[in-house]
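First up is the structure itself, then whatever we jot down about it.
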Amino acid sequence: MKYTTRQKAILLLSDGTIFHGKSIGISGTTFGEVCFNTGMTGYQEIFTDPSYFGQLMVATNAHIGNYGVNDSEVESKSIKIAGLVCKNFSFNYSREGASGSLEDYFIKQNLICISDVDTRALVSYIRDNGAMNAVICTDETPIEELKIALAKVPDMKGLELASKVSTKEPYFFGNENATYKISALDLGIKTNILRNLAKRDCYIKVFPFDSSYQDLVAFNPDGYFLSNGPGDPEPLSGAIQVAKEILENDKPLFGICLGHQVIGLANGISTYKMFNGHRGINHPVKNIITGKGEITSQNHGFAVNKEELDNHPDLEITHLHLNDGTVAGMRMKNKNCFSVQYHPEASPGPHDSSYLFDQFIQNIKG
């Protein structure tokens, strides 16, 4: 497709700011919270990560689509982002292992994308003004109509989204003859988390987000896992109650990202919406216990309150984000429980933190 044949498109932010670009060919409008990811690779894993549900993704890499897509490189069964904003969209791709083009992938799942945007200016604007709701329009809908529709889109603060991405029915993952059994509460779980657990001789039963503690107990698991996911953790009263009951019974518990926040809330620690959040595969974290640094994959717009965590008698901080000092990990002093705000399954990303899955298995053994 030639540049000259492509439709004009816009990105309209909730404060009225407009960025201009071109449609990749899918006509329509799409709404969500605009955010950016600083990763230089792994776009397919990002697009299919359930934690991104309801968000318009700005890719900071200058080229998106240049290596196509691969059927094995997905974190869920479908694209989860609400739309894509990028600089250069590659209609052609070159990779021996690719199963198709990103354009065809978007057409199949009807994902609206605006390219040829000055993404450096856009990211700079978001960094200065914070993540906010926005709309991508590729069909020339009048600006005033878009503004009226955009004003009706709910803010991410207070928004429960786990129900939109969680499994509807329980399912199993791994070898049924594995040594360990894990009950996992699906708040938006990534497939590579399940792969990492299965690789460590675990058989996992994945439960819908609204399952009860009794549902999870019925599997007779050796440990419990609370997954990542989208939206605000505070409305997840059911998941918070499940975490409380797991802790009351002192069972091995591991939480990642949204699961980490749920564990905090179960202990009376509040959460808050961050100005921009952390999204990328190069975030520096310090392990307070070992003193070592880790380069991590992160994707979250909420965090637990560090001051409250510091003052909690039964909790301690285990990891800190070195860019802004926010809590990146914690553990309980009196329970078999720990959690991290980032993604040790690292898909995409570095594998510095994969030891956390081994730590979970050691906790089960102990």
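Numbers for residues simply follow the sequence, beginning at 1.
Ser353 and Glu294 form a side-chain donor-acceptor contact under 3.5 Å, judged by distance and modelled atom types alone.
By the 4.0 Å N-to-carboxylate-O rule, Glu73 lies close enough to Arg95 to be salt-bridged with it. Looking at Asp310 and Lys306, a side-chain N of the basic residue comes within less than 4.0 Å of a carboxylate O on the acidic one, giving a salt bridge. Here Glu176 does not pair with Lys205 in a salt bridge; the nearest charged N to carboxylate O distance is not below 4.0 Å.
Asn282 contributes no side-chain N or O that, together with a main-chain N or O of Thr38, makes up a donor-acceptor pair within less than 3.5 Å. Distance alone, capped at 3.5 Å, is enough to place a donor-acceptor pair between the Asn175 side chain and the Asn177 backbone.
With a 4.5 Å cut-off on side-chain heavy atoms, Ile295 and His283 do not count as touching. Side-chain contact between Leu315 and Arg331 is absent, with no heavy-atom pair separated by less than 4.5 Å. Ile26 places a side-chain heavy atom less than 4.5 Å from the side chain of Asn110.
Separation of atoms NZ (Lys80) and CD (Gln109) is listed at 8.0 Å; rounding is to 0.5 Å. Distance CD1/Ile10 to OG/Ser23: 12.0 Å, rounded to 0.5 Å. Rounded to the nearest 0.5 Å, atoms CD (Glu140) and CD (Gln7) are 5.5 Å apart. For the atom pair Glu160 CD and Leu187 CG, the distance stands at 9.0 Å (nearest 0.5 Å). Rounded to the nearest 0.5 Å, atoms CG (Asn249) and NZ (Lys244) are 14.5 Å apart. Note that CD of Gln341 and SG of Cys257 are 5.0 Å apart. Values are rounded to the nearest 0.5 Å.
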Query - Intermediate values then yes/no, side-chain hydrogen bond (donor to acceptor under 3.5 Å, both in side chains), Ser297 and His343 - result: CA-CA 5 Å; Ser297 178; His343 285 270; over 6 Å; no
Query raised in the report: Could you walk me through whether Asn267 and Met332 pass the side chain to side chain contact (heavy atoms under 4.5 Å, CB included) check?
Result: CA-CA 10 Å; Asn267 281 282; Met332 297 195 69; 3.1 Å; yes
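Closest heavy-atom contact between Asn192 and Arg195: OD1-NH1, 3.1 Å. Nearest heavy atom pair, residue Thr41 against residue Pro348, reads O-CG, 3.9 Å.
Linking ILVMFWY residues whenever their side-chain heavy atoms come closer than 4.5 Å, directly or via other members, places Tyr342 and Leu194 in the same cluster. Grouping the Ile, Leu, Val, Met, Phe, Trp and Tyr side chains by contacts below 4.5 angstrom, directly or via other members, places Val123 with Tyr52. In the hydrophobic cluster analysis, where Ile, Leu, Val, Met, Phe, Trp and Tyr join through side-chain heavy atoms closer than 4.5 angstrom, Val34 is grouped apart from Phe302. By the criterion of side-chain heavy atoms lying less than 4.5 angstrom apart, applied directly or through intervening Ile, Leu, Val, Met, Phe, Trp or Tyr residues, Leu216 is grouped together with Phe209 in one hydrophobic cluster. There is a path of hydrophobic side-chain contacts, each under 4.5 Å, that joins Phe357 to Phe173.
By the 30° and 60° cut-offs, the orientation of the rings of Phe360 relative to Phe254 is tilted. In this pair, Phe47 and Phe106 present their aromatic rings tilted. The plane angle is within the 30 to 60° band.
Under the side-chain hydrogen bond (donor to acceptor under 3.5 Å, both in side chains) criterion, Asp358 pairs with Arg200, not counting sequence neighbours.
Note on residues 125-151: no pairs pass ring-ring contact (aromatic ring centres under 6.0 Å, His included), not counting sequence neighbours.
Proximity of the aromatic rings of Tyr180 and Tyr203 is defined here by a centroid distance below 6.0 angstrom, and this criterion is not met.
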